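Take a look at the structure below.
What you are looking at is a predicted structure, and each value in this text was computed from that prediction instead of being measured.
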Amino acid sequence: MRSPKSVKALEQFSRVQLSKSFFMRDFLYSEISQVESIPNIPANPGLAIEVGKVLCTEILEPIQDRFGRLCIRSALRAAAINAKGAENRNQYNCARNEWNRARHIWDEPDKNGRKGAIACIIVPSFLPYYAKDERRNWRALAWWIHDHVPYSEMEFFPKHCCFSVGWHEDPKKTIHAWKPARTCLTKPGMPNHYGSHAAEYEEWLGEYDGAGRTPVK
């Protein structure tokens, strides 16, 4: 598939269904694109579709199935969009392109030739629990995903417990957070990385399922 060069071609690309709930259009919005007038269109749409389907099917759908609708904050970035974000890092907070290939730049493999994709999301149904103790409670969501979803990496941010979660051919299985400073919750080799972490999210699930929702294993 060629990179879209017309409204009709872009419409066709944006209508590609990536999973039962998500379409490519859900992942194309970019504030940088809007302000800087740079089209957020991948150069290799075929690869973007390929990795987007895995991200949605294996990572996002299981979270949405369990906890309801997800809010997509930032996802696919064309290389030019990410480069502009990295150039103005103090304003846009984007890492350099070399770092974001196979992450936010869905249509380029990383330096090792591996494919991947990341989306930055919010789980709205989690926010009431998170608001009770923002410094601690984000861990409940992180550990549930760790135990139930084949993610590659997660990075949590304070506002609305927004977090990046990704799929990668060579998963790193790392979780970091930026509250109050960047910390590592877990990574392979740390004692807390293995086994069940149900005790970390038991309280949250009790409140969530107790609100009239049907529990899902």
Side-chain angles (χ1 to χ4, degrees), residues 19 22 51-68 70 72-75 95 99-104 106 109-210 213-217:
S19 65
F22 297 104
V51 299
K53 285 183 176 181
V54 184
L55 173 68
C56 291
T57 301
E58 296 192 6
I59 308 297
L60 302 184
E61 291 285 7
I63 300 172
Q64 182 162 272
D65 284 346
R66 184 64 175 91
F67 301 114
L70 303 182
I72 309 299
R73 281 290 306 127
S74 177
W99 177 257
N100 260 330
R101 291 188 180 109
R103 288 183 172 90
H104 281 294
W106 292 11
D110 63 21
K111 63 181 181 181
N112 297 315
R114 300 289 191 173
K115 305 170 187 176
I118 273 180
C120 194
I121 67 174
I122 296 170
V123 180
S125 65
F126 180 68
L127 297 183
Y129 182 75
Y130 174 67
K132 294 180 180 181
D133 187 347
E134 294 184 1
R135 293 175 65 93
R136 179 181 69 86
N137 284 355
W138 65 272
R139 293 176 173 84
L141 180 56
W143 283 124
W144 186 90
I145 295 172
H146 181 81
D147 284 355
H148 294 86
V149 177
Y151 74 100
S152 173
E153 56 187 302
M154 287 186 275
E155 186 107 22
F156 283 78
F157 305 95
K159 187 68 172 179
H160 298 312
C161 200
C162 185
F163 66 102
S164 296
V165 59
W167 167 83
H168 193 272
E169 285 187 305
D170 185 16
K172 299 172 179 62
K173 300 296 288 186
T174 61
I175 305 176
H176 290 86
W178 283 94
K179 191 176 182 70
R182 194 170 193 266
T183 59
C184 179
L185 177 64
T186 193
K187 62 181 179 180
M190 289 180 64
N192 68 353
H193 194 75
Y194 311 98
S196 172
H197 303 85
E200 299 285 346
Y201 46 83
E202 182 178 24
E203 178 183 85
W204 166 42
L205 292 188
E207 293 184 12
Y208 179 80
D209 294 331
R213 301 178 178 89
T214 301
V216 178
K217 294 182 179 180

Check: Quick one: does Val123's side chain get under 4.5 Å of Leu70's, heavy atoms only?
Finding: yes
Check: For Pro128 and Pro124, which heavy atoms make the closest approach, and how far apart are they?
Finding: CD-O, 3.8 Å
Margin query: Does any part of the side chain of Cys120, heavy atoms only, come nearer than 4.5 Å to the side chain of Cys162, both counted from C-beta?
Written below: yes
Note to self: I need the minimum non-hydrogen distance between Asn192 and Leu185, along with the two atoms involved.
What the structure shows: ND2-O, 2.8 Å
Note to self: Are Asn112 and Asp170 packed together at the side-chain level, in the sense that at least one heavy-atom pair is separated by less than 4.5 angstrom?
What the structure shows: no
Item checked: Gap separating the OG1 atom of Thr183 from the NE2 atom of His176, nearest 0.5 angstrom -> 8.0 Å
Margin query: Strictly below 4.0 Å, N to O, side chains only: are Arg139 and Asp133 in salt-bridge contact?
Written below: no
Next item on the list: Kindly assign one of parallel, tilted or perpendicular to the pair His146 and Trp143, based on the angle between their ring planes and the thresholds 30° and 60°.
Entry: perpendicular
Notebook entry, point to check: Which pair of non-hydrogen atoms, one from Pro188 and one from Lys173, has the smallest distance, and what is that distance?
Noted result: CD-O, 3.4 Å
Check: Could you give the distance from CD1 (Ile59) to CD1 (Ile145), rounded to the nearest 0.5 Å?
Finding: 9.0 Å
Check: Which distance, rounded to the nearest 0.5 Å, do you find between the OG1 of Thr186 and the CE of Met154?
Finding: 9.5 Å
Notebook entry, point to check: Taking C-beta and beyond as the side chain, do Thr57 and Phe22 meet within less than 4.5 Å on heavy atoms?
Noted result: no
Notebook entry, point to check: Any side-chain heavy atom of Tyr130 sitting closer than 4.5 Å to one from Leu141?
Noted result: no
Check: Among His168, Arg103, Lys187, which residue meets the side-chain hydrogen bond (donor to acceptor under 3.5 Å, both in side chains) test with Glu153?
Finding: Arg103
Next item on the list: Taking the six-membered ring for Trp and the single ring otherwise, decide whether the centroids of Phe67 and Tyr208 are under 6.0 Å apart.
Entry: yes
Checklist line | CD1-CH2 distance between Ile118 and Trp167, expressed to the nearest 0.5 angstrom | finding: 12.0 Å
Notebook entry, point to check: Can Lys132 and Glu203 be said to form a salt bridge (charged side-chain N to carboxylate O under 4.0 Å, His left out), step by step?
Noted result: CA-CA 12 Å; Lys132 294 180 180 181; Glu203 178 183 85; over 6 Å; no
Notebook entry, point to check: Can you check whether Asp147 reaches Ser196 side chain to side chain, under 4.5 Å on heavy atoms?
Noted result: yes
Item checked: Counterpart residues, ring pair (Phe, Tyr, Trp, His ring centres under 6.0 Å), relative to His160 (two or more places apart) -> none
Item checked: From Asp65 atom CG to Leu60 atom CG, the distance as rounded to the nearest 0.5 Å -> 10.5 Å
Note to self: Keeping Glu169 on the side-chain end and Lys115 on the backbone end, is there a donor-acceptor pair under 3.5 Å?
What the structure shows: yes
Next item on the list: Could you grab the distance from atom OH of Tyr151 to atom CD of Glu58, nearest 0.5 Å is fine?
Entry: 14.5 Å
Note to self: Could you check whether any side-chain heavy atom of His148 comes within less than 4.5 Å of a side-chain heavy atom of Tyr201, counting everything from C-beta outward?
What the structure shows: yes
Checklist line | Set of residues satisfying ring pair (Phe, Tyr, Trp, His ring centres under 6.0 Å) with respect to Trp138, sequence neighbours excluded | finding: Phe156
Next item on the list: Check side chain to side chain contact (heavy atoms under 4.5 Å, CB included) between Ala117 and all other residues, then give those that pass, not counting sequence neighbours.
Entry: Val51, Leu55, Trp106
Checklist line | Where Val149 and Pro62 come nearest, the two heavy atoms and their spacing | finding: CG2-CB, 4.2 Å
